[in-house]
Amino acid sequence: MMQDKDNKLRDRVSQAWPAAGGNEPAFDAMWLAARQRHEISRRRYRRVAAAAAVVAAGFIFLYAQSPSQETYIEVADLMESTYWTAPSDVLLPQREFDIYQDMPAIFESTIPAGGTLL
Amino acid sequence: MRDSDALDNNPHVSRSALEAIHSQVYGWALSRCDFEHANAEDLMQQAYVELLSGNARFDNKSSLKTFVFSVVQNLARSRFRRLSTRLRLVKKYHAEAVETSVEAPEPRANGDVWRAVRALPARQRDVIELVFCRELTVEEAAAVMGVSTGTGRVHYDRAKKALRQRLQHWADEE
């Protein structure tokens, strides 16, 4: 009974449903158009990929060609310097001092600190 | 399925199998595009491109028809999303520039039934189309719509009930 009612409704709906009405495109034409679209997008992808590869290769080539900047210590600079840092002071940079500028001031100090001169 | 015309990027899909379901899929695409033929053709082409490129890969987990219907449905959804975003933007800046009304297509016969179908909510209309007009089972229709079988059944039953009620009501009025 229920099945019959469903079938009747199905028939009525499928009859009422608008058909493509002769405007339905042929499969072959649509398939061909789809293939062309697929080909175009593939070609475009290949072109973009090739361009990206060329840019990457050029970048690598230029980077490999450029001389690397050498870093070195100028001995003269070291000899002229009066700046000294105790190895242990590397961890405590606030204790760095210039031995020629600061030491005489410390030795000649007359400021008492804890019963002795600083 | 003939192996000779199987697609390169989709070995379980053949050209001949697609040709066999072409008119059914076109009908589905047509209703996804508010019965505008140009849009439906474009949607179909796009679906075929997805199959050719292997972006939509069929792995025999369902019937080919269900799979292709799902591809069309997903493409239509994403296209609708894009269009509605554009429409919102256009509306925002040119409030009067857009005509949004789409002419309802002419039914083949029995205008009341078509009117009742058009009045259904979208999902109920979809399940009715898939089961009654495209000859899918409710399970397959649910898969195409991207809902569970249970939800598909609920939409199907409600749609039938609503259709019967409307048609009965209009018949009584006459």
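Chain A is the first sequence line, chain B the second, and so forth, proteins listed ahead of strands; every chain is numbered from 1.
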Any cation-pi pair here, R32(B) with W28(B), using under 6.0 Å and within 45°?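 Yes, R32(B) lies over the aromatic ring of W28(B).
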Tell me if the aromatic rings of W114(B) and F35(B) count as close, with their centers under 6.0 Å from one another.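 Distance test on ring centres: under 6.0 Å, yes.
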Taking side chain as everything from C-beta outward and backbone as N, CA, C, O, which of these in R35(A) sits under 4.5 Å from a heavy atom of chain B? Side chain, backbone, both or neither.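 Looking at R35(A), backbone and side chain both touch chain B.
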Give, as side chain, backbone, both or neither, the part of D28(A) having an atom under 4.5 angstrom from any heavy atom of chain B.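 Backbone plus side chain of D28(A), per the 4.5 Å heavy-atom cut-off to chain B.
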Atom group of [X] that falls short of 4.5 Å from chain A, counting heavy atoms:
{"X": "R15(B)", "value": "both"}
{"X": "V49(B)", "value": "both"}
{"X": "D42(B)", "value": "both"}
{"X": "E50(B)", "value": "neither"}
{"X": "I21(B)", "value": "neither"}
{"X": "I128(B)", "value": "side chain"}

Option passing side-chain contact (heavy atoms from CB on, under 4.5 Å) with V13(B) (candidates L64(B), V68(B), N60(B), D5(B)):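 Exactly one candidate clears the test, L64(B).
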side-chain contact (heavy atoms from CB on, under 4.5 Å) partner of N10(B), chosen from L52(B), L18(B), L51(B):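 The option that passes is L51(B).
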Taking the six-membered ring for Trp, are W31(A) and Y48(B) parallel (under 30°), tilted (30 to 60°) or perpendicular (over 60°)?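 Plane angle over 60°, so perpendicular.
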Does any non-hydrogen side-chain atom of R158(B) lie less than 4.5 Å from one of L120(B)?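 Side chain of L120(B) against side chain of R158(B), heavy atoms only: no contact under 4.5 Å found.
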